[in-house]
Amino acid sequence: MKLSHIYLSGFAVLLSVTATPSQADTMQSRCDIYDKPQGELLTSTPCTFSQRQGYISINRDDGISYNLAPVDEAYIGTFEDQNGNWVYRKSGLSPDGVIFKMPTEYLYLYWGKGE
């Protein structure tokens, strides 16, 4: 095997290893927005869920985005949004998704249900 083939093979392996994590933590989903848990459905829209090192981004197809940062001094599942409001991750949809209690609404996020 030529030296150039070894370098190219090594580069291909490195590229596949470094490319995989960015794809593994982003998922097309569906976001249902309620006024309260199990309350009135306000809207349902496809969305994209991303998580990196505990930080969460949810981008709804209707133009609304949430950028959530974990709050270190609080319970696990407590986040701060881009406006400084606390957001809480709730159980209730497992294994199909996750619920977020936002300041004025509840976001039900269903994994891989991008329709």
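When reading the values below, keep in mind they use all heavy atoms of this one structure, side chains included, and skip hydrogens, waters and symmetry mates.
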Measuring from Asp61:CG to Thr45:OG1, what's the distance to the nearest 0.5 Å?
4.5 Å
Taking side-chain hydrogen bond (donor to acceptor under 3.5 Å, both in side chains) as the definition, give me every residue that meets it alongside Tyr66, ordered by chain and number, with sequence neighbours left out.
Arg60, Glu105
If the condition is side-chain hydrogen bond (donor to acceptor under 3.5 Å, both in side chains), which residues does Asn67 pass it with, not counting sequence neighbours?
Ser57
Supply the atom-to-atom distance Cys47 SG to Leu107 CG, rounded to the nearest 0.5 angstrom.
6.5 Å
Would you give the length of the straight line joining atom CD1 of Ile33 to atom CG of Leu41, rounded to the nearest 0.5 angstrom?
8.5 Å
Ala69: side chain to side chain contact (heavy atoms under 4.5 Å, CB included) partners, not counting sequence neighbours:
Tyr55
Connected to Ile76, directly or through other members, by ILVMFWY side-chain contacts below 4.5 Å are none
Suppose we screen for side chain to side chain contact (heavy atoms under 4.5 Å, CB included). Which residues come up paired with Glu73, at least two apart in sequence or across chains?
Val71
Would you please name every residue forming a side-chain hydrogen bond (donor to acceptor under 3.5 Å, both in side chains) with Ser65, sequence neighbours left out?
Asn59
By salt bridge (charged side-chain N to carboxylate O under 4.0 Å, His left out) - contacts of Asp81 (at least two apart)
none
All pairs passing ring pair (Phe, Tyr, Trp, His ring centres under 6.0 Å) where residues 86-109 contributes a residue, at least two apart:
Tyr34-Tyr108
Under the criterion side chain to side chain contact (heavy atoms under 4.5 Å, CB included), I'd like the reasoning laid out for Ser29 against Thr48: C-alpha separation, chi angles, the key distance, then a yes or no.
CA-CA 6 Å; Ser29 302; Thr48 303; over 6 Å; no
If a pair satisfies side chain to side chain donor-acceptor pair (under 3.5 Å) and one of its residues is in residues 93-104, list it, with sequence neighbours excluded.
none
Pairs flagged by salt bridge (charged side-chain N to carboxylate O under 4.0 Å, His left out) wherever residues 32-41 is involved - sequence neighbours left out
Arg30-Asp32
Which atom pair, heavy atoms only, marks the closest approach of Pro70 to Gly54?
CD-O, 3.5 Å
Could you tell me if the side chain of Leu109 sits less than 4.5 Å from the side chain of Ile99, heavy atoms only?
no
Please report the interatomic distance CG(Leu68) to CD(Gln82), rounded to the nearest 0.5 Å.
7.0 Å
Among all residues two or more places apart in sequence or in another chain, which pass the side-chain hydrogen bond (donor to acceptor under 3.5 Å, both in side chains) test with Ser50?
Thr26
